Amino acid sequence: MPGSMSSAGDDPGAQDAAESNDRLDGLIEANRPVALAIGEHAASIAVLGHGGISVPVGDLAGVVSRGEVVGPRWVWWSNDTAASLLDLDVRVARCWDLSAVHRLLVGGWTSTPDRVWAHTRGLDLDGIPTVQPVDLFHQSDDHDPDEPIRVDGYLHPDWSGGSWASRTSRVARWAELALDVQQFQEVALDDVAAEPHPGAARTREHLRSTALSESAAELMCAELAHDGLPFDRSVGERIVAGFVGPRPRDAAEEVIRLEELDATVLGQLPPGTTFDLRRPDQVKSLLRRVGIEVPDTRAWRLEALRDAHPIVEPLLAWRRAERIRTTFGYHWIDEHVDADGRLRGEWHGSDGAAGRMTATAGLHNMPAEMRPAVLAEPGHRFVRADLGQIEPRVLAAVSADRQLIRAAREDDMYAPVAARLGVERSVAKVAVLGAMYGQTTGIGAEALRGLEREYPVAMGYLRRADEAAQGGHDLRTYGGRRIRMSGATAVTMSAGDVRSRAAARGRYGRNAMVQGAAAEFFKTWAALIRARGRQLGVEFVLCLHDELIAHVADEHAEATALLFTECLAETAQRWGPQDGDPVRFVADTSVIGCWADAK
DNA sequence: TGCGGCTATTG
DNA sequence: CACAATAGCCGCAG
């Protein structure tokens, strides 16, 4: 495809492309960001901003893959553009994702162009216009269809909605707007840097680095969705069969299979007795029949009653089988494992309360029993690493608690904490986790007092977040992510009195500061590996909050494992507080052929 | 058909 | 059964 860039002749498109190429070189050399937008109709046109440089899409691959080496940093509205490029088999090195940076700076879940734009103009989000149904009496709209901005400053809903890209000039305008927003976001990062952060100094460099790694995370999401997780269908089906039997050939056979499964439990009862095992209240009645009284029928509760009656054991086994049958069974495999042996789901780069990555299709909650089906392809290996004790280490970093940073020098940082507190390691661990989750009951009072005494800086950081959240004040993580506490629907909570709701908000805010910063650290680490692992052909196939799995050719597996470790050290060096010793981060790294072989 | 309750899995 | 997430099935209201 690069060859098409230089095709001469009197084709005006080719001439434009050659000229564009030169101008793009200039931008790359000047290290300027370049906006990229792709028209919706079969990706008919790509347009680069800054002076309206436009490149026909046939030549895009040549431009972009050349850009991998030096740059540029591609600016786009969202990773939809990255997904379009992947469909064209184009992978870029780096980007600035307006949607991701908007969610970082503003918080919340939605970051559609209309909202992103309105925010740059300080406009009320409630006033964002929506697409109006065609009105026969007001057809003569004086709005210029080539102009995306309305007189009231809002983005025209036609543009935000996606029916804008039918003409080249509009795609160019769209790219220009993207550059405007990017400039706004650069300034917004300065504003955030000026806000106080009660802990490690939150510099502009750190915030900008977070904006870049959050952008990279979106890029990774597009790639994860595109590439999928290697999954051996036949192994997966064998595992399913082990729980629920062979795949039923028709509906009638499925009914028989269900009855067989139910009979493993109901067979323990007098003949003729029947309960609907899928209804918790019926299960409760069943247990009462055999003399067991429980407030609910959750597995952990029944686990303790294994010996109380012989029906408990088969009931627990039935639950596991039912879980596989309904959620991770044949239907799940059919739905999400494609013909090329890849399990694919949707990925989001910063979802939820604190900006963790999320995934659908069971990629983040697949039962461990299914892991034998996650197999590297022939000639390939998985390189897998998980970060050890990531949350307490992140707490040490963001709060800049010197004593906790000292504890993080150890592979197991709960050991020195336990020593200082004068308690068992297990007690220290529960206490530290409890402090980060906001647990108040069930922790030894002695351990709690010890934490306050020995790590007052870290504890104060958490308490401060808790109190601010309870007061309905928004928070900002170390990396600058805004945690919205003001919105009425920002937190969904079970019904309760005012005090318990406030306490729940406090726990939410307290935890978001740690979990959110941990997510930022993880993405920074992963983005660095992605950038450095290009020559090795490193392909990420799973990101799991603190665990990263790459798929790589055999001959590069060891080098990739080394890269994981080196990138971790570099991330730790640059990510945390810069005055004093860096916080130590540790990872357990392995080269494996199957996910089940980990650890 | 949408929603809350209950359950189970993951980090 | 703390913090976060996805996702299934159930009964019930509309």
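Every chain is numbered from 1 and lettered A, B, ... according to where its sequence line falls, protein lines coming before strand lines. Predicted model, so just to flag it, every value in this text is computed and none were measured. Basis for what follows: all heavy atoms, side chains included, without hydrogens, waters or symmetry-related copies.
Atom CG in Asp276(A) sits roughly 14 Å away from atom P in dT7(B) (whole-Å rounding). Straight-line distance from the CD1 atom of Ile443(A) to the C1' atom of dC3(C): 13 Å, rounded to whole Å. Atom CZ of Arg510(A) and atom C1' of dC3(C) are 11 Å apart (whole Å). For the pair Asp546(A) CG and dT10(B) P, the interatomic distance rounds to 14 Å; values are reported in whole Å. Distance Trp332(A) CH2 to dT10(B) C1': 12 Å, rounded to the nearest Å. Remark: C1' of dG5(B) and CD of Gln282(A) are 16 Å apart, rounded to the nearest angstrom. At whole-Å resolution of the value, CG in Leu229(A) and P in dT10(B) are 15 Å apart. Rounded to whole Å, the distance from CD1 on Ile483(A) to P on dC3(C) is 15 Å.
If you find the closest nucleotide of DNA chain C to Ala361(A) and to Arg298(A), the one lying nearer the 5' end belongs to Arg298(A). Each of Ala359(A) and Glu322(A) lies near DNA chain C, and the nucleotide nearest Ala359(A) is the one positioned closer to the 5' end.
Here dA7(C) is the nucleotide among dG11(B), dT9(B), dA7(C) with the atom lying nearest to any side-chain atom of Thr360(A). Comparing atom distances between the Thr358(A) side chain and each of dC6(B), dC3(C), dT6(C) picks out dT6(C) as nearest. Residue Glu547(A) has its side chain nearest to dG11(B) when only dC10(C), dG11(B), dA4(C) are considered. Taking every side-chain heavy atom of Arg279(A) into account, dC10(C) is the closest of dG8(C), dG11(B), dC10(C).
More than 12 heavy atoms of other residues, nucleotides or ligands shown are found within 6.0 angstrom of CD on Gln282(A).
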### Message
Evaluate His364(A) against Trp347(A) for ring-ring contact (aromatic ring centres under 6.0 Å, His included), listing each step before the verdict.
### Response
CA-CA 10 Å; His364(A) 275 177; Trp347(A) 286 82; 5.1 Å; yes

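Below 30°, between 30° and 60°, or above 60°: for Trp575(A) and Phe585(A) the angle between ring planes is above 60°, a perpendicular geometry. His197(A) and Tyr478(A) have tilted rings, their planes meeting at an angle from 30° to 60° on a 0 to 90° scale.
Between Phe275(A) and Trp318(A), the distance separating the two ring centers is not shorter than 6.0 angstrom.
Looking at heavy-atom distances under 4.0 Å, Met436(A) makes no contact with the nucleic acid at all. Across all strands shown, Arg371(A) has heavy atoms under 4.0 Å from sugar-phosphate atoms exclusively, and none from any base. Using a 4.0 Å heavy-atom distance criterion, Asp281(A) is classed as making no nucleic acid contact. Arg356(A) comes within 4.0 angstrom of a base, heavy atoms only. Using a 4.0 Å heavy-atom criterion, one finds that Arg323(A) contacts the bases of the nucleic acid, with or without backbone contacts as well. Note on Arg319(A): only backbone sugar-phosphate atoms sit closer than 4.0 angstrom, heavy atoms only; bases stay farther off. Using a 4.0 Å heavy-atom criterion, one finds that Ala368(A) contacts the sugar-phosphate atoms exclusively. Counting any heavy atom pair closer than 4.0 Å across all strands shown, Thr297(A) reaches sugar-phosphate atoms only and no base atom.
Side-chain to base pairing of Asn365(A) with dT6(C): one donor and one acceptor N or O lie within less than 3.5 Å of each other.
When only modelled atom types and interatomic distance are considered, Thr524(A) and Arg574(A) share no side-chain donor-acceptor pair under 3.5 Å.
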